[in-house]
Visitor: 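The structure follows.
Every number for a ligand or one of its atoms is a count from 1 in the order of the listing. What's counted below: heavy atoms across the whole structure, side chains too, no hydrogens, waters or symmetry copies.
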Amino acid sequence: AGIGRAGREGVLIKGGVYLENLGKVRAVAFDKTGTLTQGEPVVSDIIALEGTESEVMRLAYSIEQFSEHPIAKAIIKKAQEMKLTPLETHEFQSLTGMGVQAHVGGKKAYVGKPEHFKQAEGDFSFNRQFKDLRGRGRTVMVIGIQERIIGMIAVRDEPRPEAKETIEKLHAMGMKIVMLTGDNQDTAMAIANELGIDDVQADLKPEGKIEAVRKLEQKYGKVIMVGDGINDAPALTEASVGMVMGTAGTDAALEAADVALMGDDLAKVPYAL
Ligand code: ADP
Ligand code: MG
């Protein structure tokens, strides 16, 4: 009866055991990008360190055209608005939780977190402009050709409108709220503070998200992980209850999840509890 009732409210629970577990949960872990945020980032800043802004965007576009990540979609959209055409690109590779790379015009090029460039460039994350953008809740990608960073692209991804109230409701129910993200600490903290989240674990690869869920289970017993399936599907499987955004979520995530939230409505999390 409980499963049927929840189903009519847009919470699809895939079995009695998950309904049972929902009654015992004491902590909720949320993925950031695409889950707490709308997952439709918009390019907010383009900074050229070499050449022009168009050249920086064109190189990023050439690589990102092969990626499905929400950040890639933002960059593709902006590049198309700027009427740019991609350069000849081969050997595209996705570096999970870090960025993307390919051979563009015969040279190895990269878009993603600057941490990937450490050996080549020294620590770019000390760059003043870069730090400033992160501190304002933006996710900042560097664009590099071989050993040189030629520019930065920042994206802004707004929290879902119901996110803050959902966290408040979960707090009122006595839940501990944790954000797990592959994004960096500064950007993640800016968003977590805005939403009133208790704890942030940033710079996590998909394996790191599994480990984080395991630790939460040791501490709190039953734990919910809410995600969109991009770089968090293994963590959804690990959690006592894996909840996936029904529309924004990937097919693989929908399959791996124990509970699907129709309409991508975070308010369904406290409802389910
Ligand atoms: P989250 O855990 O917040 O959902 P992800 O694990 O999907 O984030 O990605 C972590 C970080 O890796 C992003 O914030 C970004 O810096 C980088 N990244 C991932 N995919 C891409 C991409 N296609 N282009 C550029 N950067 C990317
Ligand atoms: Mg995500």
Visitor: Which atoms of ligand 1 sit under 4.0 Å from any heavy atom of Gly97?
Guide: 10 (C), 11 (C), 12 (O)
Visitor: Please determine whether a side-chain nitrogen of the Lys or Arg among Glu55 and Arg58 lies less than 4.0 Å from a carboxylate oxygen of the Asp or Glu.
Guide: no
Visitor: Of all the heavy-atom pairs spanning Lys209 and Ile230, show the shortest one and how long it is.
Guide: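 Residues Lys209 and Ile230, closest heavy atoms: NZ-O, 4.4 Å.
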Visitor: Can you find an N or O of Asn231 that's nearer than 3.5 Å to an N or O of ligand 1?
Guide: yes
Visitor: Closest approach of Ile13 and Ile3, non-hydrogen atoms and distance?
Guide: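 Shortest heavy-atom separation between Ile13 and Ile3 comes out as O-CG2, 3.6 Å.
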Visitor: Less than 4.5 Å apart, side chain to side chain, heavy atoms only: is that true for Leu180 and Met225?
Guide: yes
Visitor: Could Arg136 and Asp132 be called an ion pair, given the rule that one side-chain N must be under 4.0 Å from one carboxylate O?
Guide: yes
Visitor: Does ligand 1 come near enough to Thr139 that some N or O of the ligand is less than 3.5 Å from an N or O of the residue?
Guide: no
Visitor: For ligand 1, is Lys209 a contact, meaning one of its heavy atoms is under 4.0 Å away?
Guide: yes
Visitor: Between Asp31 and ligand 1, find which residue part has any heavy-atom pair under 4.0 Å and reply side chain, backbone, both or neither.
Guide: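 Side chain only; the backbone of Asp31 stays clear of ligand 1.
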Visitor: If you count the atoms of ligand 1 from 1 in the order shown, which ones are under 4.0 Å from a heavy atom of Ser67?
Guide: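 What qualifies from ligand 1 is 23 (N).
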Visitor: N/O of Lys113 under 3.5 Å from N/O of ligand 1, yes or no?
Guide: no
Visitor: Run down the list His69, Lys32, Glu64 and name the one with the heavy atom closest to atom 19 (C) of ligand 1.
Guide: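 Considering heavy atoms of His69, Lys32, Glu64, the nearest to atom 19 (C) of ligand 1 sits in His69.
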Visitor: Could you measure the distance from the OH atom of Tyr110 to the CD1 atom of Ile143? Nearest 0.5 Å is fine.
Guide: 10.0 Å
Visitor: Which residue, Ile47, Val56, Val142, forms the side chain to side chain contact (heavy atoms under 4.5 Å, CB included) with Ile150?
Guide: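 For Ile150, the side chain to side chain contact (heavy atoms under 4.5 Å, CB included) check succeeds only for Val56.
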Visitor: Is ligand 1 under 4.0 Å from a heavy atom in the side chain of Asp183, in the backbone, in both, or in neither?
Guide: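 Both backbone and side chain.
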Visitor: Counting both backbone and side chain atoms, is some N or O of Ile230 under 3.5 Å from an N or O of ligand 1?
Guide: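 No, since none of the N or O atoms of Ile230 sits under 3.5 Å from an N or O of ligand 1.
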Visitor: Which ligand 1 atoms does Val100 reach within 4.0 Å, using its non-hydrogen atoms?
Guide: 23 (N), 24 (N)
Visitor: Give a yes or no on whether a salt bridge exists between Lys32 and Asp157, defined as a side-chain N under 4.0 angstrom from a carboxylate O.
Guide: no
Visitor: Based purely on interatomic distance, does Gly182 place a nitrogen or oxygen under 3.5 Å from a nitrogen or oxygen of ligand 1?
Guide: yes
Visitor: By number and element, which atoms of ligand 1 are closer than 4.0 Å to a non-hydrogen atom of Val111?
Guide: 25 (C)
Visitor: Output the list of atoms in ligand 1 that are nearer than 4.0 Å to some heavy atom of Gly112, sorted by atom number.
Guide: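 Matching atoms, with element in brackets: 26 (N).
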Visitor: So which heavy atom on Ala72 is nearest to which on Glu64, and how close?
Guide: CB-OE1, 3.1 Å
